[in-house]
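Single-structure report; data block below.
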Amino acid sequence: MANWLLKTEPDEFSLDDLEAKGPNGEPWNGIRNYQARNFLKQMQPGDRVLIYHSSCAVPGIVGEGEVIGQPYADPDALNPESKYFDPKSTADNTRWWVVDVRFKRRWPQTVSLKTLKQQTGLDSMALLRQGRLSVSPVTEKEWEVISSIA
DNA sequence: GCCAACGTTGGC
DNA sequence: GCCAACGTTGGC
């Protein structure tokens with residue numbers, strides 16, 4: 001069992017949108033960065049995820065979700081109609097992967113990036129070390145520290 | 001809207 | 001395989 005952090009732009013797909021999808025969740029798509037993809041491929045059903053809102057007034061963690069299936073090849077990468085179409089992907093080698101995620105809970109308040117940076121015990125957190133990574137691992141210890149201030 | 005930090009691409 | 005040019009992310 002592992003923990004992860006997923007970034008999303010609330011203007012595109014927010015925690016509210018995820019909640020609205022209900023218990024069947026939603027494919028977490030559009031990951032087009034190899035490092036993020038490699039983390040995504042390691043995800044397992046039952047893994048916990050922190051949902052992070054980026055490119056907004058108060059960037060930070062807004063709630064939790066749950067991985068509900070095995071990662072699978074991203075069908076959008078092969079679909080020319082999709083905005084996530086990748087001309088270099090083939091049926092044999094799709095390059096990109098998705099995983100279904102469902103809403104678990106909204107936190108009483110956003111734990112902002114600013115708060116995370118000020119918190120002790122999070123110095124080595126992937127989110128803070130590498131700002132532009134949209135899928136990153138969260139250790140058990142980091143999860144405890146963060147949920148204790150949620 | 002700016003720009004720093006990276007990732008990707010492609011010529012050589 | 002190097003590296004310059006370019007594109008993207010995302011905080012501010």
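Chain letters run A, B, ... following the sequence lines, proteins first and then strands; every chain starts at 1.
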Under 4.0 Å: is that the gap between some side-chain N or O of [X] and OP1 or OP2 of [N]?
X      : N      : result
A:K88  : B:dT8  : no
A:K7   : C:dT8  : no
A:Y52  : C:dG11 : yes
A:Q130 : B:dC6  : no

Measure the distance from [atom1] on [X] to [atom2] on [N] and round it to the nearest whole Å.
X      : N      : atom1 : atom2 : value
A:L128 : B:dA4  : CG    : C1'   : 17 Å
A:R37  : B:dG7  : CZ    : P     : 14 Å
A:K117 : C:dG11 : NZ    : P     : 8 Å
A:W96  : B:dG7  : CH2   : P     : 12 Å
A:R129 : C:dT9  : CZ    : C1'   : 20 Å
A:R132 : B:dG7  : CZ    : P     : 6 Å
A:L133 : B:dT8  : CG    : P     : 11 Å
A:L127 : C:dG10 : CG    : C1'   : 11 Å

Of C:dG10, B:dG7, B:dT9, the nucleotide closest to the side chain of A:S55 is C:dG10

Closest to the side chain of A:L113, out of B:dT8, C:dC12, B:dG7, is C:dC12

With a non-hydrogen cut-off below 4.0 angstrom, is A:K114 in contact with a base, only sugar-phosphate, or nothing?
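Touches nothing.
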
(request) For A:E9, answer base if it contacts any base atom (sugar-phosphate contacts may also be present), sugar-phosphate if it contacts only those atoms, and nothing otherwise; contact means non-hydrogen atoms under 4.0 Å. (result)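 Touches nothing.
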
task: Mark yes or no for whether A:R32, through its side chain, and A:Y84, through its backbone, hold a donor-acceptor pair below 3.5 Å.
output: yes

Checklist entry - Less than 4.0 Å between a side-chain N and a carboxylate O, is that true for A:D74 and A:R95? => result no

task = State yes or no: do A:V101 and A:L127 share one hydrophobic cluster built from I, L, V, M, F, W and Y residues joined by side-chain heavy-atom distances below 4.5 Å, directly or via other members?
result =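 No, A:V101 does not connect to A:L127 through the hydrophobic network.
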
Decide if atom NZ of A:K104 counts as having more than 12 heavy atoms of other residues, nucleotides or ligands within a radius under 6.0 Å. yes

message = What verdict does the ring pair (Phe, Tyr, Trp, His ring centres under 6.0 Å) test give for A:Y34 and A:W96, after you've listed the backbone C-alpha separation in whole Å, the side-chain angles of each residue and the deciding distance to 0.1 Å?
response = CA-CA 8 Å; A:Y34 286 106; A:W96 307 116; 4.8 Å; yes

Whether the side chain of A:R32 and the base of C:dT8 hold a donor-acceptor pair under 3.5 Å is what I'd like checked.
no

